[in-house]
Amino acid sequence: QVQLVESGGGSVQAGGSLRLSCAATGFTYDNYCMGWFRRAPGKERERVAVIGSDNDGILNYLDSVKGRFTISQNNAKNTLYLQMNSLKPDDTATYYCAAYRTLFRGSNNYCNTVPAAAYSDWGQGTQVTVSS
């Protein structure tokens with residue numbers, strides 16, 4: 001059974017940085033999409049960024065985080081990362097990582113089309129709070 005555990009959240013001032021990690025255990029998917037999602041109080045869930053097992057093609061980011069956040073993965077460690085720089089108060093949210101097993105190749109272009117509702121494995125979330 002897949003378990004995803006996020007870490008690295010915390011409280012920072014605007015302009016600061018955080019690096020979120022998502023450790024995957026029991027992860028035997030050869031082809032997959034993994035992503036970071038966030039939900040702020042009273043708001044809809046947003047897809048921040050996703051990455052495929054092949055990590056080819058374009059990485060798409062939520063418009064509001066482009067140029068500030070970077071998604072990456074370490075396959076050897078089964079870990080997904082989200083480097084967050086120049087944080088803003090609007091980035092305050094609970095951040096979740098999620099995984100989706102694909103039947104085909106895990107290209108970034110394909111993963112960008114997979115809706116959040118299709119992701120079968122979710123972590124418990126890590127809180128990020130950015131103060132002004």
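- Partners of Asn109 under the side chain to side chain donor-acceptor pair (under 3.5 Å) rule, at least two apart in sequence or in another chain, do not exist in this structure.
- For Asp30, there are no side chain to side chain donor-acceptor pair (under 3.5 Å) partners two or more places apart in sequence or in a different chain.
- Listed by first and then second residue, the salt bridge (Lys or Arg N to Asp or Glu O under 4.0 Å) pairs that reach into residues 110-126 come to none, sequence neighbours excluded.
- The side chain to side chain contact (heavy atoms under 4.5 Å, CB included) search around Asn55 returns Ile51, Leu59, Gln73, Asn108, not counting sequence neighbours.
- Gln127 is linked by a side chain to side chain donor-acceptor pair (under 3.5 Å) to Thr94, Thr129, counting only residues two or more places apart in sequence or in another chain.
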For a quick test of your reading: what N or O donor-acceptor pairs under 3.5 Å do the side chains of residues 2-10 make, sequence neighbours left out?
{"unit_1": "Glu6", "atom_1": "OE1", "unit_2": "Gln124", "atom_2": "N", "d": "3.0"}
{"unit_1": "Glu6", "atom_1": "OE1", "unit_2": "Gln124", "atom_2": "NE2", "d": "3.4"}
{"unit_1": "Glu6", "atom_1": "OE1", "unit_2": "Gly125", "atom_2": "N", "d": "2.9"}
{"unit_1": "Glu6", "atom_1": "OE2", "unit_2": "Cys97", "atom_2": "N", "d": "2.8"}
{"unit_1": "Glu6", "atom_1": "OE2", "unit_2": "Gly125", "atom_2": "N", "d": "3.3"}

Which donor-acceptor pairs under 3.5 Å do side chains of residues 12-21 form with protein atoms, sequence neighbours excluded?
{"unit_1": "Ser17", "atom_1": "OG", "unit_2": "Asn85", "atom_2": "OD1", "d": "3.0"}

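- With Arg47 contributing its side chain and Pro115 its backbone, the two residues share no donor-acceptor pair below 3.5 Å.
- Pairs engaging residues 94-120 under the salt bridge (Lys or Arg N to Asp or Glu O under 4.0 Å) rule: Asp54-Arg105, Asp56-Arg105 [sequence neighbours left out].
- Ser64 is linked by a side chain to side chain contact (heavy atoms under 4.5 Å, CB included) to Arg38, Leu62, counting only residues two or more places apart in sequence or in another chain.
- In this structure, OG1 in Thr102 is found 4.5 Å from CG in Asn31, a value given to the nearest 0.5 Å.
- Applying the ring pair (Phe, Tyr, Trp, His ring centres under 6.0 Å) test to every pair with at least one member in residues 55-102, sequence neighbours left out, gives these pairs: Tyr100-Tyr119.
- For Arg68, the side chain to side chain donor-acceptor pair (under 3.5 Å) criterion is met by Asp91, not counting sequence neighbours.
- Cluster annotation: Val50 and Trp36 are assigned to distinct hydrophobic clusters (Ile/Leu/Val/Met/Phe/Trp/Tyr, side-chain heavy-atom contacts under 4.5 Å, transitive).
- In this structure, Asn112 CG and Cys33 SG are separated by 8.5 Å, a value rounded to the nearest 0.5 Å.
- A ring pair (Phe, Tyr, Trp, His ring centres under 6.0 Å) check over residues 2-27, counting only residues at least two apart or in different chains, returns the pairs Phe27-Tyr29, Phe27-Tyr32.
- Residues Gly52 and Cys111 share a closest heavy-atom pair of CA-SG, 3.6 Å.
- There is no path of hydrophobic side-chain contacts, each under 4.5 Å, that joins Phe37 to Ile71.
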